[in-house]
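Every heavy atom of this structure was used, including side-chain atoms; hydrogens, water molecules and symmetry mates were not. Sequence positions, counted from 1, serve as the residue numbers for this chain. Every value quoted in this text rests on a predicted model; they were computed, and no experiment measured them.
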Amino acid sequence: IFRNHLFTEALYWNTEQNRVDPAAKIELDEREKQIIRLLWQEKTNKEIAEEIFLSIRSIEKIRQNLKARLSVRSTVGIFKYAIRTGIIPDA
């Protein structure tokens, strides 16, 4: 496949603009922090939903959004971020 130089530069620029700086601290609201803490306590989505009066689907969506905002692929990535930023105490 042949790509011209201008096309390649445009793709590179777009990729660079959308890249998230892993060192940048992303501010989470209190509900997101609370959900992370409850996940850390090994609670299920159902248990979390009952405790903070949301639907199970809402909890799933919040977890999905956290993964996207933090640029991680799993709950472990969320935990690593939470420990690094002090949301969860480093034990």
*Report, as yes or no, whether the 6.0 Å neighbourhood of atom NZ on Lys46 holds more than 12 heavy atoms from other residues, nucleotides or ligands.*
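No - once you tally the heavy atoms of other residues, nucleotides and ligands closer than 6.0 Å, there are 12 at most.
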
*Under the 3.5 angstrom rule, does the side chain of Glu32 hit a backbone N or O of Asp29 as a donor-acceptor pair?*
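The answer is yes, because a donor-acceptor pair under 3.5 Å joins these two groups.
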
Nearest-0.5 Å distance that lies between atom [atom1] in [X] and atom [atom2] in [Y]:
| X | Y | atom1 | atom2 | value |
| --- | --- | --- | --- | --- |
| Ile35 | Ile48 | CD1 | CD1 | 6.5 Å |
| Ile59 | Asn45 | CD1 | CG | 7.0 Å |
| Glu47 | Ile56 | CD | CD1 | 10.0 Å |

Going by heavy atoms in the side chains, are [X] and [Y] under 4.5 Å from each other?
| X | Y | answer |
| --- | --- | --- |
| Val72 | Lys80 | no |
| Ile36 | Lys33 | no |
| Thr85 | Ile26 | no |
| Tyr81 | Ile87 | yes |
| Arg31 | Leu54 | yes |
| Lys67 | Thr75 | yes |

*Can you tell me which residue pairs pass the salt bridge (charged side-chain N to carboxylate O under 4.0 Å, His left out) test with a partner in residues 34-43, sequence neighbours excluded?*
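Every salt bridge (charged side-chain N to carboxylate O under 4.0 Å, His left out) pair that includes a residue of residues 34-43, provided the two are not neighbours, is Lys43-Glu51.
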
*Can a salt bridge be assigned to the pair Glu60 and Arg63 using a cut-off of 4.0 Å between side-chain N and carboxylate O?*
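So Glu60 does not pair with Arg63 through a salt bridge.
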
